[in-house]
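The structure appears right after this line, and notes come after that.
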Protein chains: 2
Amino acid sequence: MLGTKKMFSIGDLSRRTRVKVPTIRFYEEKGLLPRPDRTAGNQRRYDETALKRLLFIRHCRDLGLPLADVVGLLSLEGASGTDLDRAHEIAEKQLADLRDRISRLQSLETELTRISKACDGKHDHVCAVLHAFGDHSECKGSHSN
Amino acid sequence: MLGTKKMFSIGDLSRRTRVKVPTIRFYEEKGLLPRPDRTAGNQRRYDETALKRLLFIRHCRDLGLPLADVVGLLSLEGASGTDLDRAHEIAEKQLADLRDRISRLQSLETELTRISKACDGKHDHVCAVLHAFGDHSECKGSHSN
DNA sequence: ACTTGAACCTCTAGTAACTAGAGGAATTAC
DNA sequence: GTAATTCCTCTAGTTACTAGAGGTTCAAGT
Ligand SMILES: [Zn+2]
Ligand SMILES: [Zn+2]
Ligand SMILES: [Zn+2]
Ligand SMILES: [Zn+2]
């Protein structure tokens, strides 16, 4: 039993991680996953390490991290001391980003709610919703960018 | 003074709408703006109608509408009767979409807040933040997709 | 009229993070 | 042995722009 690790095909890995097959190849190309061993027929075969790494990536993505930050976190594997502060930075940045996006979407929600309710639905001549889409003067906030 | 409308260069239009010059060309290519008249030297010259149309597009984009929906709204210019219901549909859809995104971002915020606070910052050996990024088992919700 | 500098032109390629499809080879199950 | 499934590479498409190269036109000043 020496050297006989469990090996997975790309499809196995996909099922276990719910990451689609082309996405796994994409991650390899982008350097997030190391190039795996191949069979004699050139098909990829992965081990447990790759599985764990892909699960890590998947979870980070689910948390909304951009791939660049996932790369940053992956590079901290085995790090110690102040190098690990980088993980905190990434988390804080993502959190700040998230809060910013939420508050922006909330002001959009305010505006769209108003716009949606602007029209009585009697479309004799014009639609107040359509008009409101083009008219910023009734908006409360600036909601640009 | 017959036929002498005020005309704008693409730069003028850009300044008045705060839409960048390459973006204006892009909108033209995508059919959101009609091809304008040109000078003898092939430069674009716009009129008030184009200005208004671009302001409309800009505001819709600021409200988060995808270009496809902006196209849909633009096509309602001059429409009447039940055709205008389409504007309501677009508004409702965008609102639903927005609310969905907000609630998703909010659950991400919950998880990231927890993850951020997981580590005491003493990085003797490991970082709990780094660990938490890879571990879904501590998460409250599913937060996938 | 001439010159200069800003603004304009087209075209290509790059961004983020995949996804889809073509055309063909390998693997697995029966 | 053969058929179904999975795999391979490569290209291109998605969204909504943005950046740059290389060249032309316009507007203002002299
Ligand atoms: Zn209406
Ligand atoms: Zn507005
Ligand atoms: Zn830490
Ligand atoms: Zn999780």
Side-chain angles (χ1 to χ4, degrees), chain A residues 7-33 35-46 50 54 56-74 90 93-94 97-98 101 104 108 144-145, chain B residues 6-33 35-46 50 54 56-74 93-94 97-98 101 104 108 144-145:
Chain A
M7 298 295 266
F8 313 109
S9 73
I10 198 168
D12 294 336
L13 207 61
S14 174
R15 276 181 291 276
R16 279 165 199 263
T17 58
R18 290 180 306 287
V19 175
K20 288 179 189 149
V21 168
T23 306
I24 297 174
R25 294 197 192 103
F26 171 79
Y27 287 161
E28 177 184 328
E29 192 185 303
K30 292 285 161 180
L32 281 99
L33 287 173
R35 297 182 184 283
D37 292 341
R38 301 280 185 134
T39 63
N42 200 34
Q43 298 196 358
R44 292 168 177 83
R45 287 297 176 267
Y46 297 92
L54 186 51
F56 183 91
I57 295 169
R58 166 91 219 236
H59 195 236
C60 289
R61 291 291 301 127
D62 283 349
L63 290 167
L65 290 188
L67 286 185
D69 286 341
V70 180
V71 170
L73 290 174
L74 285 169
I90 288 171
K93 181 169 74 60
Q94 176 66 7
D97 205 74
L98 216 41
R101 268 152 62 200
R104 244 142 3 132
L108 288 192
S144 45
N145 270 315
Chain B
K6 241 177 305 177
M7 298 295 266
F8 314 109
S9 72
I10 198 168
D12 293 335
L13 206 61
S14 173
R15 276 180 292 276
R16 279 165 199 262
T17 58
R18 291 180 306 287
V19 174
K20 288 181 188 149
V21 168
T23 304
I24 297 174
R25 294 197 193 104
F26 171 79
Y27 287 160
E28 178 184 328
E29 192 185 303
K30 292 285 159 180
L32 283 101
L33 286 175
R35 298 184 182 284
D37 292 340
R38 303 279 185 134
T39 63
N42 201 35
Q43 299 195 358
R44 291 168 177 82
R45 286 298 177 267
Y46 297 92
L54 186 50
F56 182 91
I57 296 169
R58 167 89 219 236
H59 195 236
C60 289
R61 293 289 303 128
D62 282 349
L63 290 167
L65 291 188
L67 286 185
D69 287 340
V70 180
V71 171
L73 290 174
L74 286 169
K93 181 169 74 62
Q94 176 67 7
D97 204 75
L98 214 42
R101 269 152 63 200
R104 245 141 4 129
L108 288 192
S144 40
N145 272 314

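Quick note on labels: first sequence line is chain A, next is B, and so on, each numbered from 1. Predicted, not measured: the structure shown is a model, and the values here were computed from it.
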Q) B:Leu54 CG to D:dC17 P: how many Å, rounded? A) 11 Å
Q. What's the closest nucleotide to the B:Tyr27 side chain, out of C:dC8, C:dT19, D:dC17?
A. D:dC17
Q.
I'd like to check B:Pro36 versus B:Met7 (side-chain heavy atoms, cut-off strictly below 4.5 Å). Are they in contact?
A. no
Q.
Between C1' on D:dC17 and CG on B:Asp62, what's the gap in Å once rounded to a whole number?
A. 14 Å
Q.
Any base atoms under 4.0 Å from B:Lys20, or only sugar-phosphate, or nothing? Heavy atoms, all strands.
A. sugar-phosphate
Q: Check every atom of D:dA16, D:dT9, C:dT10 against the side chain of B:Asn42 and return the nucleotide holding the closest atom.
A: C:dT10
Q | Pairwise side chain to side chain donor-acceptor pair (under 3.5 Å) hits with a residue in residues 12-22 of chain B, at least two apart | A | B:Ser9-B:Asp12, B:Asp12-B:Arg15
Q. Between C:dT10 and B:Arg44, is there an OP1 or OP2 to side-chain N/O distance shorter than 4.0 Å?
A. yes
Q: Could you tell me the separation between the CG atom of A:Asp69 and the C1' atom of C:dA17, rounded to a whole number of Å?
A: 14 Å
(Q) By the 4.0 Å heavy-atom rule, please label B:Arg25 as base, sugar-phosphate, or nothing. (A) base
Q: Would you indicate whether A:Arg38, at its atom CZ, is surrounded by more than 12 heavy atoms from other residues, nucleotides or ligands within a distance under 6.0 Å?
A: yes
Q: For A:Leu13 and D:dC7, give me the distance from atom CG to atom P, rounded to whole Å.
A: 10 Å
Q.
Of the listed nucleotides (C:dC18, C:dC9, D:dC7), which one gets closest to any side-chain atom of B:Gln43?
A. C:dC9
Q.
Without decimals, in angstroms, what is the distance between A:Leu65 CG and C:dA16 P?
A. 15 Å
Q: Grab the NZ-C1' distance between B:Lys30 and D:dG13 for me, whole Å please.
A: 10 Å
Q) In whole Å, what is the span from the CD1 atom of B:Ile24 to the C1' atom of D:dA19? A) 16 Å
Q: Check the distance between C:dT28's P and A:Phe8's CZ and give it to me in whole angstrom.
A: 14 Å
Q. What's the closest nucleotide to the A:Thr23 side chain, out of D:dT18, C:dT27, C:dC18?
A. C:dC18
Q | Reported OG1-to-CD1 distance for the pair B:Thr23 and B:Ile57, which is rounded to 0.5 angstrom | A | 11.0 Å
Q. Within the structure shown, what part of the strands sits under 4.0 Å from A:Arg15 by heavy-atom distance: base, sugar-phosphate, or nothing?
A. nothing
Q: Report the C-alpha distance between A:Leu108 and A:Arg104 in whole Å, list the side-chain angles of each, state the deciding distance to 0.1 Å, and finish with yes or no for side chain to side chain contact (heavy atoms under 4.5 Å, CB included).
A: CA-CA 6 Å; A:Leu108 288 192; A:Arg104 244 142 3 132; 5.9 Å; no
Q) Which distance, rounded to the nearest 0.5 Å, do you find between the CZ of A:Phe56 and the CG of A:Leu73? A) 4.5 Å
(Q) Closest approach to the side chain of A:Pro66, judged atom by atom: which nucleotide of C:dC8, C:dC18, C:dA17 is it? (A) C:dA17
**Q.** Phosphate-side-chain proximity, A:Arg61 and C:dC18, N/O vs OP1/OP2 below 4.0 Å
**A.** yes
Q: Check whether any side-chain N or O of B:Thr39 sits under 4.0 Å from OP1 or OP2 of D:dT25, and answer yes or no.
A: no
Q: Ignoring backbone atoms, test whether B:Ser9 places a side-chain nitrogen or oxygen under 4.0 Å from the OP1 or OP2 oxygen of C:dA7.
A: no
Q: Select one nucleotide: of C:dT27, C:dC9, D:dC8, the one nearest the side-chain heavy atoms of A:Arg45.
A: C:dT27
